[in-house]
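Reckoned from all heavy atoms, side chains included, excluding hydrogens, waters and symmetry mates. Letters A, B, ... are given to chains in the order of the sequence lines, protein chains preceding strands, and every chain is numbered from 1.
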Amino acid sequence: DAGITQSPRHKVTETGTPVTLRCHQTENHRYMYWYRQDPGHGLRLIHYSYGVKDTDKGEVSDGYSVSRSKTEDFLLTLESATSSQTSVYFCAISGGDRGPSNQPQHFGDGTRLSIL
Amino acid sequence: SQQGEEDPQALSIQEGENATMNCSYKTSINNLQWYRQNSGRGLVHLILIRSNEREKHSGRLRVTLDTSKKSSSLLITASRAADTASYFCAWGGAAGNKLTFGGGTRVLVKP
């Protein structure tokens with residue numbers, strides 16, 4: 001399995017609090033992604049990164065920010081969590097160091113986030 | 001979905017039977033991929049088929065791609081209880097760096 005670690009694995013927090021999720025990889029892959037998975041919606045892309053300090057928005061980026069200061073770490077931040085952000089969050093990596101063209105993505109085991 | 005869908009949403013079969021699920025998409029693609037997700041785990045890549053390919057095999061898996069119909073199918077032959085999972089298709093656009101996922105098919109293989 002690809003070396004991807006997500007932390008924390010579970011978190012319960014209150015509306016209005018900031019939350020940061022971490023994705024750590026040991027594969028030196030250039031591309032990293034954050035998805036959320038909700039019943040009836042499959043996986044939806046939040047943000048992705050194509051290199052250190054290089055990020056772009058996905059389909060559902062409102063209310064989320066990301067940062068990537070090192071190749072191995074990609075952080076997802078909910079500045080002020082809302083109940084609609086209760087979900088399972090997955091990190092994925094792809095592409096090696098030359099880009100992901102026609103390559104699969106490898107997923108972490110997810111973070112289950114509940115916002116009360 | 002605005003971008004594509006999978007059917008059926010759920011499938012229940014007996015061990016030893018074949019399972020077929022379909023994926024439709026609406027955009028031009030660079031490649032199409034299939035993933036499996038076991039309960040409580042992340043997605044695991046199964047197979048990738050490029051837009052210029054029509055069929056691909058991997059063990060008990062057979063994937064077809066019809067770009068004229070913007071559709072793909074995944075066939076699992078001689079299913080096993082361990083194949084019980086959700087299966088997702090995902091397609092990559094021209095740039096190939098992002099995937100869009102279908103809603104998934106839940107497969108239950110009964111022993």
Side-chain angles (χ1 to χ4, degrees), chain A residues 1-7 9-10 21 23-25 27 29-51 54-61 88-112, chain B residues 1-10 21 23-53 56 58 61 63 65 74 85-106:
Chain A
D1 287 347
I4 309 169
T5 304
Q6 291 187 234
S7 59
R9 293 295 315 279
H10 302 272
L21 308 183
C23 178
H24 178 79
Q25 62 145 328
E27 306 297 320
H29 279 8
R30 177 181 173 189
Y31 283 76
M32 298 185 76
Y33 309 82
W34 277 108
Y35 295 91
R36 60 179 289 174
Q37 183 175 34
D38 305 287
H41 290 279
L43 271 78
R44 293 180 291 174
L45 181 65
I46 305 171
H47 282 280
Y48 70 102
S49 170
Y50 47 96
D54 293 322
T55 66
D56 204 352
K57 295 179 180 180
E59 179 187 355
V60 290
S61 59
V88 182
Y89 290 85
F90 286 97
C91 174
I93 64 175
S94 75
D97 59 356
R98 294 177 297 168
S101 178
N102 277 343
Q103 295 192 39
Q105 293 187 8
H106 304 283
F107 285 78
D109 278 335
T111 293
R112 187 172 296 274
Chain B
S1 164
Q2 293 290 321
Q3 295 172 308
E5 61 184 37
E6 292 183 57
D7 78 273
Q9 291 188 336
M21 58 211 85
C23 171
S24 63
Y25 56 92
K26 297 183 180 180
T27 63
S28 295
I29 65 170
N30 180 286
N31 65 83
L32 190 136
Q33 303 179 27
W34 285 90
Y35 290 79
R36 183 187 74 236
Q37 184 181 34
N38 292 98
S39 181
R41 301 299 301 275
L43 279 70
V44 174
H45 180 260
L46 295 175
I47 197 164
L48 181 153
I49 186 166
R50 293 179 172 79
S51 59
N52 61 352
E53 297 175 312
K56 203 161 184 179
S58 176
L61 306 180
V63 167
L65 178 64
L74 171 67
S86 291
Y87 293 82
F88 293 89
C89 68
W91 49 95
N97 60 344
K98 292 191 290 184
L99 292 178
T100 302
F101 284 83
T105 295
R106 296 188 310 278

Note to self: Tell me whether B:Q9 at atom CD has more than 12 heavy atoms from other residues, nucleotides or ligands lying less than 6.0 Å away.
What the structure shows: no
Margin query: Can you tell me which portion of B:L99 sits under 4.5 Å from chain A's heavy atoms? Options are side chain, backbone, both or neither.
Written below: both
Next item on the list: Can you tell which part of B:Q37 gets under 4.5 Å to a heavy atom of chain A, answering side chain, backbone, both or neither?
Entry: side chain
Item checked: Option that, when pairs with chain B are counted at under 4.5 Å, heavy atom only, ranks first among A:Q37, A:R44, A:R112, A:Q6 -> A:Q37
When rounded to the nearest 0.5 angstrom, what distance separates [atom1] in [X] from [atom2] in [Y]?
X      : Y      : atom1 : atom2 : result
A:F107 : B:Y35  : CZ    : OH    : 5.5 Å
A:Q105 : B:K98  : CD    : NZ    : 11.5 Å
B:L43  : A:H106 : CG    : NE2   : 12.5 Å

Item checked: chain B contact via A:L43 - side chain, backbone, both or neither, heavy atoms under 4.5 Å -> both
Next item on the list: Please state whether the side chain, the backbone, both or neither of A:Y35 comes within less than 4.5 Å of a heavy atom of chain B.
Entry: side chain
Margin query: Please check: side-chain N/O of A:D109 versus main-chain N/O of B:G42, any donor-acceptor pairing under 3.5 Å?
Written below: yes
